[in-house]
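Indexing begins at 1, ligand by ligand and atom by atom, following the structure's order. Positions are given from 1, in the same order as the sequence printed here.
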Amino acid sequence: MATSSHGFAGPADLHLHSNHSDGTESPAEVVAQAHAHGVRTLALTDHDRSTGWGEAGDAAVALGMTFIPGMELSAKHEWRSVHVLGYLFDPQDEALRAETDRIRGDRIGRAERIVRNIGRDYDLHWDDVVAQTTLDATVGRPHIADALVARGIVRDRTEAFEGILHPREGYYEPHYAPDPITAVRLITEAGGVAIIAHPVTAGRDRMMPVPFIERLIDAGLGGFEIEHRENTESGKRMLREIAAKHDLIVTGSSDYHGTGKPNRPGENTTAEEMVARLLAHGTGTAPRVP
Ligand code: AMP
Ligand code: FE
Ligand code: FE
Ligand code: ZN
């Protein structure tokens with residue numbers, strides 16, 4: 001693939017997870033999978049941490065790919081979980097580091113509480129979850145799902161999320177997360193670009209109200225992840241209008257989690273012009289180019 005006039009190479013997938021959070025593969029394996037699927041520009045966006053950047057960046061450059069450092073920051077609006085993708089921020093930024101440390105720390109106790117709840121009805125213990133977690137990974141329900149699979153209680157992550165891990169089943173516990181305005185500000189003030197991940201997934205009341213989205217834009221929001229398999233068609237149309245009105249960045253990505261989800265690298269991609277805008281606005285850290 002030829003290098004574009006912007007200095008990066010084509011098909012761009014800007015949302016992939018490794019085993020530094022809830023993906024099933026190492027950062028280098030994620031990069032190799034993305035390359036095998038035709039992706040030539042990628043961002044690693046593990047939940048609440050940036051420890052995979054070095055390995056992923058090295059692997060990407062070795063394969064002639066462009067690497068964009070990223071993260072998916074957990075946030076919460078009222079009861080809704082909101083994921084804010086941050087790109088090209090300074091990983092040493094004190095305020096952002098303190099917040100991600102706090103989120104990851106609270107996620108551990110929360111996962112233990114969920115496991116304790118499940119343990120009342122099923123043969124599941126905290127050790128089972130630890131066994132599914134790579135050293136120091138951001139712990140989430142996917143690791144509990146893997147432990148349920150290992151115990152033979154469910155077949156796969158999907159079955160776990162549709163059953164035992166679904167809040168309606170009564171085992172769920174929330175974890176600490178900042179409100180989305182704080183999340184956008186933290187990323188932006190660290191020199192990064194903030195993009196709301198999968199903003200319009202199906203389900204009643206899952207979308208943030210438009211006036212609140214406009215407050216996020218005022219707080220420095222860079223754009224929306226529009227092409228994502230979980231966004232609804234009507235939601236995408238609405239977001240495209242808001243993005244056009246405010247001249248925001250729109251992205252498309254896979255949200256690859258290795259074998260943890262059916263999503264394949266490159267199943268959605270981001271337009272070259274939008275990658276160029278991301279690179280122009282993100283000043284906290286440099287992309288890695290071959
Ligand atoms: P948590 O942040 O611990 O509540 O877990 C949410 C994470 O679980 C998300 O980041 C998704 O990657 C993952 N997830 C959500 N639904 C599913 C599903 N049906 N199958 C596999 N993973 C899922
Ligand atoms: Fe995830
Ligand atoms: Fe997400
Ligand atoms: Zn994700």
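Here the shortest heavy-atom distance to atom 3 (O) of ligand 1, taken over E173, H175, H83, R110, belongs to R110. The option with the heavy atom closest to atom 13 (C) of ligand 1, from among A177, P262, P142, is P142.
Taking a cutoff of 4.0 Å between a charged side-chain nitrogen and a carboxylate oxygen, K261 and E230 qualify as a salt bridge. For the pair E225 and K236, the salt-bridge criterion is not met [side-chain N within less than 4.0 Å of a carboxylate O]. Ionic pairing of E267 and R264 is not present here: no N-O contact between side-chain nitrogen and carboxylate oxygen is shorter than 4.0 angstrom.
The atoms of ligand 1 that sit less than 4.0 Å from any heavy atom of G140 are 3 (O). Less than 4.0 angstrom separates some heavy atom of R157 from each of these atoms of ligand 1: 21 (C).
The six-membered or imidazole ring of H47 lies near that of H83, with a centre-to-centre distance under 6.0 Å. The ring of W53 has its center no closer than 6.0 angstrom to the ring center of Y87. Aromatic pair H77/F212: ring centres closer than 6.0 Å.
Proximity of H17 to ligand 1 is not established, as no heavy-atom distance is less than 4.0 Å.
Atom ND1 is the N, O or S atom of H83 at the shortest distance from the Fe ion (ligand 3). Looking at H257, its N, O or S atom nearest to the Fe ion (ligand 2) turns out to be NE2. Take the N/O/S atoms of D22: the one nearest the Fe ion (ligand 2) is OD2. The closest approach of E72 to the Fe ion (ligand 3), by N/O/S atoms, is made by OE2.
Here H47 has side-chain heavy atoms under 4.0 Å from ligand 1, and that is the only part of it that gets that close. With a heavy-atom cut-off of 4.0 Å, D22 touches ligand 1 through its side chain alone. For H257, every heavy-atom contact with ligand 1 shorter than 4.0 Å involves the side chain, none the backbone.
When the options D136, D46, T51, T134 are evaluated for a side-chain hydrogen bond (donor to acceptor under 3.5 Å, both in side chains) with H20, the one that passes is T51.
Inter-residue side-chain proximity for V275 and T251 is flagged as unmet; no heavy-atom pair is nearer than 4.5 Å.
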Check the pair E227, R240 against salt bridge (charged side-chain N to carboxylate O under 4.0 Å, His left out), reporting the backbone distance first and the verdict last. CA-CA 10 Å; E227 299 306 325; R240 282 192 203 101; 2.9 Å; yes
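Ring geometry, H15 versus H228: the interplanar angle falls from 30° to 60°, so the pair is classed tilted.
Judged by the 6.0 Å and 45° rule, R151 forms no cation-pi pair with Y122.
Ranking protein heavy atoms by distance to atom 2 (O) of ligand 1, first place goes to R107 NH2, 3.0 Å. Counting protein heavy atoms only, atom 21 (C) of ligand 1 is closest to G260 O, 3.4 Å. For atom 22 (N) of ligand 1, the closest non-hydrogen atom of the protein is K261 CE, 3.4 Å. Among all protein heavy atoms, the one lying closest to atom 20 (N) of ligand 1 is F161 CD1, 3.8 Å. Atom 6 (C) of ligand 1 has as its closest protein heavy atom R141 NH2, 3.8 Å.
Of all the heavy atoms in Y256 and N263, the pair that sits closest is CD1-O, 3.2 Å.
Contact annotation: H47 places no N, O or S atom under 2.8 Å from the Fe ion (ligand 3). Metal site remark for the Fe ion (ligand 3): D255 contributes no N, O or S atom at a distance under 2.8 Å. Among the backbone and side-chain atoms of H15, no N/O/S atom is found under 2.8 Å from the Fe ion (ligand 3).
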